[in-house]
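Presented below is the structure to which this report refers.
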Amino acid sequence: GTAVAAALGPGILGEAQAQPTAKVVLIRNADVLAQPDKTQAILQSMLDEAVRSLLGTKESLEAWQKLIKSSDIVGIKSNSWNRLPTPRELEAAIKRRLMAVGVAEENMDIDDRGVLHNQVFLKATALINVRPLRTHHWSGVGTCLKNYIMFVPNPSAYHDEGCSPLGKIWTYPIVKGKTRLNILSALTPQFYGRGANFFDRRYVWPYKGLIVGTDPVAVDAIGAQLLQANRIAFFGEDRALDVPPIHIMVADKTYHVGI
C-alpha cells in the first residue's frame, strides 16, 4: 500500500476549517479486493501503515499506544447498513490492534444501532469511528460525522437542513472528547445517489482505499471531495445530490468539532 498524508489547511469544502493543520492519511492498495482470502491481511497492513503515518511512528504498536491505553474501555462505532456495511475485515483489524495494546476483550465491543443499550459504549473512555464512504439522502454524504447519529434516541430530529445539527451530537457527554480515530472505508465508495436508502452498483467504484485521521471534519472533507471528483469523472459534471454536505462546515464552524 501507499500512504499519502495531507495537511488540510484553510478551505474545507470551500468554507469550513478544522485544525490549522489537520493531518489526514489516504492509503490505497491495488490488491485489497483481488482475492477475498487475502483481504484481511492486506487491510491490516493498510490500517497499520495509515496509523503509523498519522502518528509519525516506525512501529504499529507504538502508534496505537499513542491512541489507546490498555485501561481504556473502547467502543468501535461501526455501520451496519446492509447495502454497504463496514467490512468485517476492517473491524477485525481494529480489534486486533486494541488487543495488542492490552485492552481486555470484555472492555471492547463493535456496534452500530445498539450503542445506546451497549454497556461497553455507555462506559466507554475511547471510541474508534469507522464506516464506509457513500452518498446519503439526508446529509449529502455518509461519513464519520454522520456515523454518530445512533448515539441519540431520536435520529430523525437531526435530519433538518441537510443534517446540519449532526455536529451537536459530538458535544454530548456520551461521545465528547472520546474519539481517538476516524476511519472512512473507501474500498468501494458510492459516489452518487438520489432518494432514501438509494443503492446502485453503477455508482460504486473500486477505489481500494482508507481515509484515516483524528479530526472527523478533515476526514469527512477529504471523503466528500473524493466523491465529488468521481462524480465529475463519471458524469462529466458535478451532478447534484439530494442535499449538499453542509453539515461538515457547520460541525466545524458552529460546533467546533474539528478543534
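The figures here come from the full heavy-atom set of this structure, side chains too, leaving out hydrogens, waters and symmetry mates.
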Beyond-backbone contact of Tyr158 with Pro165, side-chain heavy atoms, under 4.5 angstrom: yes

Do Leu26 and Tyr207 have side chains that get closer than 4.5 Å, going by heavy atoms? yes

What residues, two or more places apart in sequence or in another chain, satisfy ring pair (Phe, Tyr, Trp, His ring centres under 6.0 Å) together with Phe235? Tyr192, Tyr203

Are Ile149 and Trp138 linked, directly or through other ILVMFWY residues, by side chains that come within less than 4.5 angstrom of each other? no

Side-chain donor/acceptor of Ser164 to backbone N/O of Glu161, under 3.5 Å: yes

Under a 4.5 Å cut-off applied to non-hydrogen side-chain atoms, are Arg131 and Leu184 in contact? yes

Are Val120 and Ile110 connected in the hydrophobic side-chain network, where two residues link if heavy atoms are under 4.5 Å apart? no

Glu62 atom CD, over 12 foreign heavy atoms within 6.0 Å: yes

Under the 3.5 angstrom rule, does the side chain of Asp242 hit a backbone N or O of Arg194 as a donor-acceptor pair? no

Min side-chain heavy-atom separation Val101-Leu61 under 4.5 Å: yes

Do the side chain of Lys38 and the main chain of Val32 share a donor and acceptor less than 3.5 angstrom apart? no

Side chain Asn182, main chain Thr214, donor-acceptor under 3.5 Å: yes

Quick one: does Val115's side chain get under 4.5 Å of Leu122's, heavy atoms only? no

Main-chain N/O of Ser139 paired to His247 side chain as donor or acceptor, under 3.5 Å: yes

Donor-acceptor pair, distance only, cut-off 3.5 Å: does the side chain of Asn230 make one with the backbone of Leu227? no

Between Arg134 and Phe191, is NZ or CZ placed under 6.0 angstrom from the six-membered ring centre and within 45° of the ring axis? no

State plainly whether the residues Glu105 and Lys95 are in salt-bridge range, i.e. N to O under 4.0 Å. yes

If we ignore hydrogens and angles and just use 3.5 Å, is the side chain of Asn154 paired with the main-chain N or O of Ala157 as donor and acceptor? no

Using a cut-off of 6.0 Å, state whether more than 12 heavy atoms not belonging to Glu59 lie near its atom CD. no

Please determine whether residues Ile232 and Phe234 belong to a single hydrophobic cluster, defined as Ile, Leu, Val, Met, Phe, Trp and Tyr linked transitively by side-chain heavy-atom distances below 4.5 Å. no

Linked, directly or transitively: Leu33 and Ile27 (ILVMFWY side chains, under 4.5 Å): yes

Under a 3.5 Å distance rule, please check whether Asn129 uses its side chain to pair with a backbone N or O of Cys144 as donor and acceptor. yes

To the nearest 0.5 Å, how far apart are CZ in Arg231 and CG in Leu241? 4.0 Å

Less than 3.5 Å apart, which donor and acceptor atoms pair up between the side chains of residues 76-87 and the rest of the protein, not counting sequence neighbours?
unit_1: Lys77; atom_1: NZ; unit_2: Asp112; atom_2: OD1; d: 2.6
unit_1: Lys77; atom_1: NZ; unit_2: Asn147; atom_2: O; d: 2.8
unit_1: Lys77; atom_1: NZ; unit_2: Asn147; atom_2: OD1; d: 3.2
unit_1: Ser78; atom_1: OG; unit_2: Thr86; atom_2: OG1; d: 3.1
unit_1: Ser78; atom_1: OG; unit_2: Glu91; atom_2: OE2; d: 2.5
unit_1: Asn79; atom_1: OD1; unit_2: Trp81; atom_2: N; d: 3.2
unit_1: Asn79; atom_1: ND2; unit_2: Asn147; atom_2: OD1; d: 3.0
unit_1: Ser80; atom_1: OG; unit_2: Asp112; atom_2: OD2; d: 2.9
unit_1: Thr86; atom_1: OG1; unit_2: Asn79; atom_2: N; d: 3.1
unit_1: Thr86; atom_1: OG1; unit_2: Asn79; atom_2: O; d: 3.4
unit_1: Thr86; atom_1: OG1; unit_2: Val130; atom_2: O; d: 3.3

Are Met150 and Leu127 linked, directly or through intermediate hydrophobic residues, by side-chain heavy-atom contacts shorter than 4.5 Å (ILVMFWY only)? yes

Kindly say whether Phe198 contributes a backbone atom to a donor-acceptor pair with the side chain of Gln190 at under 3.5 angstrom? yes

Among Arg97, Lys58, Arg96, salt bridge (Lys or Arg N to Asp or Glu O under 4.0 Å) partner for Asp48: Arg97

Side chains of Arg180 and Asp72: closer than 4.5 Å at any heavy-atom pair? yes

Less than 4.5 Å apart, side chain to side chain, heavy atoms only: is that true for Ile68 and Leu181? no

Tyr148-Thr179 side chain donor-acceptor pair, cut-off 3.5 Å: yes

Spell out, as yes or no, whether a donor-acceptor pair under 3.5 Å connects the side chain of Thr171 to the backbone of Lys168. yes

What distance separates Lys123 NZ from Asn118 CG, expressed to the nearest 0.5 Å? 10.5 Å

Can you tell if the side chain of Leu55 reaches within under 4.5 Å of the side chain of Val51, non-hydrogen atoms only? yes

Sort out for me which residue in Val24, Thr143, Asp252 forms a side chain to side chain contact (heavy atoms under 4.5 Å, CB included) with Val217. Asp252

Under the side chain to side chain donor-acceptor pair (under 3.5 Å) rule, what do Ser60 and Arg52 come out as? Steps first, then yes or no, please. CA-CA 6 Å; Ser60 297; Arg52 289 196 307 269; 2.8 Å; yes

Using every non-hydrogen atom in the two residues, find where Val204 and Thr188 come nearest and quote the distance to one decimal. CG1-O, 3.5 Å

